[in-house]
Structures are given as structure tokens and as C-alpha cells.
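Some notes on the structure that comes next.
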Amino acid sequence: MPELPEVETIVRQLRNYAIGRRIDKAELLRESMLKRSTLPFDDFFRNCSFAKIDRRGKYIIFSLDNGSRLLAHLGMTGKFVVSENENTADKHLCSRYIFDDGGCLDHIDIRRFGRLETYRENESIPVLERLGIEPLSDDFDASSLKAVISTRNGKTVRTRAIHTLLMDQRLIAGVGNIYASEALFRAGIRPVRKASRVKKKELPLLAESLKKVMEESLEEGGTTVSDYRRVDDKPGNFKEFLRVYGRAGEPCRKCGTEIKRIRLNGRSAFFCPECQR
DNA sequence: CTCCGATCCTGATGGC
DNA sequence: TGCCATCAGGATCGGA
């Protein structure tokens, strides 16, 4: 499942591969993936090329040279893969962008939990406006984490589990199951602990942990658990560095205690009962 | 505010 | 060998 480091890896590769190449044809093979209907899909890409590719949270924003934008979310199993020609098509091909030099960019999503949206120049993108702070930005530190964690309006106490809160895209953008679990392990905090019970003294380490684990993963091209692939169709290498995620029943790398898996609001969380309190 | 369940979807897995 | 049922889960939405 692509989270921030995976999406950032994809975006960086996409910039190298797709920017400036003229799009001959765009095809939408899974029509239900396009959530906002405007023009026919191929008309949207007529006579243009990708000018800019950006990431916000887990979203990819493709800006065309005519000012229009394509918004993509990869859901659980989505990927963008480059290929030399258009002769072969994956069974789960959702959309495809064929360049005038014969190469093409394939958008594949087995479970189709992802989505595409198209926007004209100057149109606002509502889903992006609802996103919280970028954890890899300079703005993200102990004090901004405190602002997110403790209260929203100065009165309400946050009773949700810290793990649940870290994954709330309205608060922090781009954190999913893997990095929430990994950051909490590094910070020595149990995923079930109520956000309001995270002490002020723990905040610098938690903020730093989240930042570091995502930066380290980015260095390795992200984490491949099952479906995630980079644009060159290679897996990310960070899985072997994970300390708790997906390691239920295995010994903690720090103390040897068995790693536990629990369910929190329908999501899996992994932790070491000894190292995290 | 917070949680819960349903929705979208396919592949892997386990039982019989 | 094969046919169900179950499960996983990112985001959204309606309801409690």
C-alpha cells in the first residue's frame, strides 16, 4: 500500500520519465476509476504533455502544459509503470498514456481502490484542501505535532488512539499503517494509547521518529509488502528494515519479546509490548 | 468528536 | 481438484 515514501518515490521517477513527453493518446479502461466526470478522458489529454508532477499526502498531481491537472490516488494496489511499447496490456490496466515516441505509462490497480480526478486550470481540488500537515516539511516538528494531537479548538480533548490519529489524513498527510506503527515503535509509545496521554516530553521523539522512518524508507525506494512497485516495476527495499509492521509473532529486534498485532478501528497495528508503553 | 458499519474490489488462504 | 466463505484495507459517508 503506497504511503508517503512510496508515493514520493513514484513521483520522483515519474518526473524523470514523463515530463515533457507529448501524449499521443490517453485511454481510460476502468471508467469507474474516474470520480469526477468532465470531458471524455482522451479529450482531456488532447495535444498536451505532462509539465509538472507533484505529491500531496498520498495523492499525485499531474499538471499538463495547458494548465489542467490529473489527480491520482493509488489506494491499496495501484501503480504507475513505464513500458517501451503498447503491445502488452496488464489485466488490471486502468488508464494508459501513450507518448508520441512509442513509449507509454500504464496505470494498473488490481483492487481498484484508487481514484482519478480531472481538474481544469484554476479549479480548486477539494480533497487536497482537507489534508493536514506534510510530515517531511520543515513545518512539522514537536510543536506542530502537539497542535495536531492535543486539541483542535482549545477545548476538546483527543480521546482517540494515537495510532488512529497519526493516520488521519486531515491532521497529518501521507501516514498509513506501516509508518504509524514504525514511528510509534521508535518513540516507545503503544498504538492504543490515547492521544491526550502522549506526554509533552515524548513529542520531539515521536515527530522525529515519523520523519526519520519516512526519510529512511524513501532512501530505499519505499516498502514493498505485496503490491507496491516503483515506476520501473521494481519493489522498494525498506521491508527488511521494518521493526514491527508485519512482524506479529516474531521477536522484537531490540528486546526479543514477541511482536503483537491488534486491530484499531478496523486497521492493524503492530507493537512490542516491552518496548512500547 | 468519535466510532461503527457499509461501500468499492480482487487475490490469497483455509475448510470441506 | 474445486468451490465457497473469509479477510485485508484507504478513503468516504451516513448514522448512532
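Throughout, protein chains are lettered first and strands after them, A, B, ... in sequence-line order, and every chain is numbered starting at 1. Bear in mind the structure is a predicted one, so any value in this text is a computation, not a measurement.
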From C:dG10, B:dC4, C:dA8, nucleotide with atom closest to A:N265 side chain: B:dC4

Side chain of A:Y59, heavy atoms from C-beta onward: which of B:dT2, C:dG10, C:dA11 has the nearest atom to it? C:dA11

Do A:E8 and A:R12 sit within salt-bridge range, that is, some charged N less than 4.0 Å from a carboxylate O? yes

I need the CD1-P distance between A:I162 and B:dT2, as an integer number of Å. 12 Å

Separation of atom CD1 in A:I110 from atom C1' in C:dG9, rounded to whole Å: 14 Å

With a 6.0 Å cut-off (strictly less than), is the heavy-atom count around NZ of A:K239, excluding the residue itself, greater than 12? no

Considering only side-chain heavy atoms of A:H73, which listed nucleotide, C:dG9, B:dT2, C:dA11, is closest? C:dA11

Note: A:D233-A:K79 ion pair, threshold 4.0 Å (strictly below): yes

Taking the ring centre of each residue, are A:F238 and A:Y228 less than 6.0 Å apart? no

A:R130 vs A:S268, nearer the 5' end of DNA chain C by closest nucleotide: A:S268

Strictly below 4.0 Å: does A:K91 bring a side-chain N or O up to OP1 or OP2 of B:dG11? yes

Atom CG of A:D109 to atom P of C:dG10: distance rounded to whole Å? 13 Å

Rounded interatomic separation in angstrom, taking CG from A:D168 and C1' from B:dC4: 16 Å

Test: A:D109 and A:R112 ion pair at under 4.0 Å: no

CG of A:L71 versus C1' of C:dA11: gap in Å, rounded? 13 Å

If you measure from the ring centre of A:F113 to the centre of the six-membered ring in the base of B:dC8, is it under 5.5 Å, with the planes under 30° apart? yes

Just to be sure I understand the rule, does A:R112 reach a base, reach only the sugar-phosphate, or reach nothing, if contact means heavy atoms closer than 4.0 Å? sugar-phosphate

Could you tell me whether A:S226 contacts a base, only the sugar-phosphate backbone, or nothing, with contacts defined as non-hydrogen atoms closer than 4.0 Å? nothing

Tell me which nucleotide among C:dA11, B:dC9, B:dC3 gets nearest to the side chain of A:R160. B:dC3

Here's a test of your reading of the structure: between A:R111 and A:R115, which maps to the more 5' nucleotide of DNA chain C? A:R111

Describe the nucleic acid contact of A:K194 in one word from base, sugar-phosphate, nothing, applying a heavy-atom distance below 4.0 Å. nothing

Given atom CG of A:L128 and atom P of C:dG10, what is their separation to the nearest angstrom? 19 Å

Closer than 4.0 Å, any side-chain N/O of A:H92 to the OP1 or OP2 of B:dT10? no

Using a heavy-atom cut-off of under 4.0 Å over every strand shown, decide if A:R263 touches base, sugar-phosphate, or nothing. sugar-phosphate

If I take atom CE in residue A:M76 and atom C1' in nucleotide B:dT7, what distance separates them, rounded to the nearest angstrom? 15 Å

Phosphate OP1/OP2 of C:dA11 contacted by A:K58 side-chain N/O (<4.0 Å): yes

The side chain of A:V127 is closest to which nucleotide in this list: C:dG9, C:dT12, C:dG10? C:dT12

Does A:Q169 put a side-chain nitrogen or oxygen below 4.0 Å from OP1 or OP2 of C:dG10? no

State whether A:K52 and A:D54 are salt-bridged, where the test is any N-O pair (Lys NZ or Arg NE/NH1/NH2 against Asp/Glu carboxylate O) under 4.0 Å. yes

Report the distance from atom CG of A:D227 to atom C1' of B:dT10, rounded to the nearest whole Å. 10 Å

